[in-house]
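Have a look at the structure below before the remarks.
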Amino acid sequence: MTDYRTHTCGELNSKNNGENVLLSGWINKKRDHGNLLFIDLRDNYGITQCVIDNKNNLFKNIEKIPLETVVQFEGQVVKREKDTINKELSSGEIEIKIINFKILGTTKELPLPVFSDQEYSEEIRLKYRFLDLRRSKIHKNINLRSKVISFIRKEMENFGFLEYQTPILTSSSPEGARDFLVPSRLNPGKFYALPQAPQQFKQLIMVSGFDKYFQIAPCFRDEDARADRSPGEFYQLDIEMSFVSQKDIFNVVESLLNNIFEKFSTKKILNKKFPKITFFDSMLRYGTDKPDLRNPLEICDLTEIFTRQDVKFEIFKKLVNEGSIVRAITTKKTIGKSRSFFDNIDKWAKQEGSSGLAYFTFEKENNKIFGKGPIGKFFSPEACQEIMKISNAEIGDSIFFSCGKKKDVEKLLCLARNKIAEDLKIINENLFAFCWIVDYPMFETDEKTGKIKFSHNPFSMPQGDINKINFNKPLDIKAYQYDIVCNGIELSSGAIRNHIPELMYKLFEIAGYDKKIVDEKFSGMINALSYGAPPHGGIAPGIDRIIMLLANEKNIREVTMFPLNQNAQDLMMNAPSKVEDNQLKELNINIIKKK
RNA sequence: GGGGGUGUAGCUCAGUUGGUUAGAGCGAUCGCCUGUCACGCGAUAGGUCGCGGGUUCGAGUCCCGUCACUCCCGCCA
């Protein structure tokens, strides 16, 4: 095949019996019996067992080769005896009887073992990423990533999309995340920004008449890391289409994601037609706009119940009277659960900083419904019945209440949904549960400043008849704005764009940007929209998160070849690094020294 | 910016209420072993217990500070 090998380490089997072959790879593992030596030779494709005994005068030399040395073995394919076949290996029916060898690359003592199921500190893994990447699990993840991206490209082309590239050096935008800035040598004192997403460019591509755009686009945001969020860069499947409405984009993305997840995972897709949940509903039923629909638990609002005369739970009644809300989670058939099950959940809620989760179980005796549990006695049979009606509960189900400010209740019950479901073990891990979150509000109130701001994407089209929108009630304006959520993970955001300049000015004005600022900050786009822009819209699924779901990984670094660490440093390449004074001078930059 | 966790041999970890010379597995080096596939057996080397300070007769262990990694909150249109 090449000068170095006739076969890879994954492809030989009993059909090759007797052939003379040349294999090259890394010494994965040695099993040295003194007069008989087994060597597992590894490459990208697999492992082949090579064997030599002391009748061969090369034995003493080969015995001494350290693990992870790169070697070439010349040898003969030999069928293994039946009881020595290794079913774990694709090449397990055969082995290579070594005739000759050549060392192609020596190794120093390893800072981390390659052949091992042990976990290692991130620090050492990232510093020696090239060794870490040899390890089987992450090696497979990275190859999976490559295959998925390649599949996406083919699919998108089948759907009639063309891939267009957009600039990496662009302008800073006032909205959104912190920018990575790049100083301009030719324009002293001015800076480029790396794109947070090719948002404006993809819209300009539509205005330019290209119709269906996609790109595996790098996105740069200078924000702090999380387990599922790289600092620095990440990749989106950026999509934009002209002359479409929301449903057209949904159709494309649903079939794309169905195809990807069916091809690359054995897990089932719960609903191939992704359910659509309004933002408002999602916040009510799940306490979040990224609900995990594998979790059957739902939240309901019971504030009204605590205004009833026959409900005597005075603490909640007082709080409700003062403007608090009450919401609750019901659990099915939990009548038999131990006291500690309930108390643990209450205790957990207190650890989360809340005042706890009051609870009781619906029971029936002598045809009378009552609540059994710490606060059950405060509810009349009629009140219980009403609660059961609102919460779809039955006799034998339990209910957990949270009372407080809307935001706090949502947050706690969102976490409680997960906690309780985990305790009850009712989350099916073998599912992908997709949904659309739709009808996002165009604006929201900034909690710190009290001012109106864009809640999502400022370029989104508001819903309804454009001539009838009531701009005096901006918080009531909904946008053609949507997210895809899978298993509680936000996979993508998108929108039908606002292609009407006057409307755009109007909306920006509400968010506190006057015409002058809009013209300055979004000049490219607002200008383009003034010369015949088609109605258009798009979406941008996160590639990294798709791979994480497919590879069943919780950390984005497990599906990224060369990630930065949490402090946005590359420990292998030593980035970021200091630069020479003359480089700074050329860029007209002074470093201010911190005290 | 804030909170939690971790830091002991090249790697993964143990180390009791503070008490003699800090241990194990893997790896390395050396020796034995012809059918292993996490091969087995024996020996040897390998340590500023992250760093600095304090308490104490005595600190890996307690206290204070600091650094690194990680998880979370803030942030992420």
Side-chain angles (χ1 to χ4, degrees), chain A residues 28-42 47-56 59 63-64 66-68 78 80-89 91-92 95 97 107-128 131-132 135 173-179 196-197 199-200 219-232 234 351-353 411 415 440 442-444 446-448 453-460 479 481 483 490 493-495 507-508 511 513 521-522 540 542 554-555 557 565-567 569 571:
Chain A
N28 192 56
K29 191 73 190 166
K30 290 187 292 183
R31 288 173 297 280
D32 188 352
H33 292 239
N35 295 312
L36 176 71
L37 172 67
F38 298 99
I39 289 179
D40 291 340
L41 195 69
R42 184 197 72 239
I47 285 175
T48 299
Q49 175 166 283
C50 304
V51 63
I52 186 167
D53 67 25
N54 65 350
K55 288 176 200 126
N56 188 320
F59 182 84
E63 198 183 23
K64 285 192 165 46
L67 299 182
E68 294 308 309
V78 181
R80 296 202 204 179
E81 296 292 322
K82 244 187 195 156
D83 52 344
T84 62
I85 286 172
N86 185 346
K87 284 176 185 156
E88 308 280 308
L89 298 181
S91 65
E95 62 195 9
K97 204 173 167 193
T107 176
K108 298 199 275 188
E109 188 178 339
L110 299 169
L112 65 90
V114 172
F115 174 74
S116 169
D117 290 332
Q118 268 176 34
E119 305 262 349
Y120 310 96
S121 72
E122 294 273 344
E123 203 175 351
I124 205 97
R125 289 183 62 189
L126 293 182
K127 187 167 178 192
Y128 297 96
L131 288 178
D132 190 40
R135 298 168 63 222
S173 83
E175 283 288 321
R178 209 175 284 116
D179 283 317
Q196 296 183 21
Q199 181 63 38
Q200 293 188 61
C219 303
F220 306 90
R221 295 176 192 175
D222 188 4
E223 298 293 348
D224 287 356
R226 288 289 183 279
D228 64 347
R229 209 168 79 199
S230 283
F234 63 96
Q351 278 168 1
E352 290 296 318
K411 201 173 162 188
L415 295 170
Y440 276 86
M442 190 83 212
F443 298 100
E444 63 188 13
D446 190 313
E447 271 188 77
K448 283 177 208 151
K453 63 170 190 176
F454 287 110
S455 71
H456 237 66
N457 184 323
F459 306 119
S460 298
Q481 174 99 49
D483 278 10
E490 186 190 316
S493 282
L507 296 170
F508 267 100
Y513 300 88
K521 292 290 182 185
F522 305 104
K554 289 211 163 56
N555 195 302
R557 290 184 293 270
N565 71 7
Q566 191 152 59
N567 295 322
Q569 300 159 338
L571 299 174

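Any value given below was found using the heavy atoms of this structure, including those in side chains, with hydrogens, waters and symmetry copies removed. Every chain is numbered from 1 and lettered A, B, ... according to where its sequence line falls, protein lines coming before strand lines.
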Does any nucleotide pair with [N] by Watson-Crick or G-U wobble geometry, both distances under 3.5 Å, and what is it?
N	value
B/rG74	none
B/rU12	B/rA24
B/rC41	B/rG31
B/rG7	B/rC67
B/rG58	none

Tell me if a side-chain donor or acceptor on [X] pairs with a main-chain N or O of [Y] at a distance below 3.5 Å.
X	Y	value
A/Ser493	A/Ala540	no
A/Asn567	A/Gln569	no
A/Arg221	A/Gln196	yes
A/Glu223	A/Arg178	yes
A/Lys30	A/Glu63	yes

[N] and [M]: how far apart are their [atom1] atoms, nearest whole angstrom?
N	M	atom1	answer
B/rU8	B/rG60	C1'	7 Å
B/rC75	B/rC64	C1'	32 Å
B/rG23	B/rG46	C1'	14 Å
B/rC62	B/rG10	C1'	31 Å
B/rG65	B/rG58	C1'	23 Å
B/rU44	B/rU6	P	34 Å
B/rG2	B/rG19	C1'	40 Å
B/rU16	B/rG74	C1'	41 Å

Contact letters for nucleotides 67-73 of chain B, in which S counts primed atoms plus P, OP1 and OP2 and B counts the base, heavy atoms under 4.0 Å: -SSBBSB

Contact state string [nucleotides 34-46 of chain B, B base, S sugar-phosphate only, - no protein heavy atom under 4.0 Å]: BBBBSB-------

Distance check needed: [N] [atom2] versus [X] [atom1], whole Å only.
X	N	atom1	atom2	value
A/Ile124	B/rG10	CD1	C1'	8 Å
A/Glu490	B/rC75	CD	P	15 Å
A/Glu223	B/rG1	CD	P	14 Å
A/Leu112	B/rC11	CG	P	9 Å
A/Tyr120	B/rC26	OH	P	14 Å
A/Lys453	B/rC76	NZ	C1'	11 Å

N/O donor-acceptor pair, side chain A/Arg221 with base B/rC76, under 3.5 angstrom: no

Ionic contact status for A/Lys108 with A/Glu68, cut-off 4.0 Å: no

Short N-O contact, A/Arg31 and A/Asp40, less than 4.0 angstrom: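 Salt bridge: yes.
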
Aromatic plane relationship, A/Phe508 with A/Phe522 - under 30° parallel, 30 to 60° tilted, over 60° perpendicular: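 Ring orientation of A/Phe522 relative to A/Phe508: tilted.
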
Interatomic spacing from CZ in A/Arg125 to CZ in A/Arg557 - rounded to 0.5 Å: 8.5 Å

From CZ (A/Arg80) to CG (A/Asn86), nearest 0.5 Å: 5.5 Å

Verdict with supporting geometry, A/Tyr440 and A/Asn457, side chain to side chain donor-acceptor pair (under 3.5 Å): CA-CA 10 Å; A/Tyr440 276 86; A/Asn457 184 323; over 6 Å; no

5'-most by nearest nucleotide on RNA chain B - A/Pro113 or A/Ala197: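 The residue closer to the strand's 5' end, by nearest nucleotide, is A/Pro113.
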
Position toward the 5' end of RNA chain B (nearest nucleotide), A/Pro111 or A/Leu67: A/Pro111

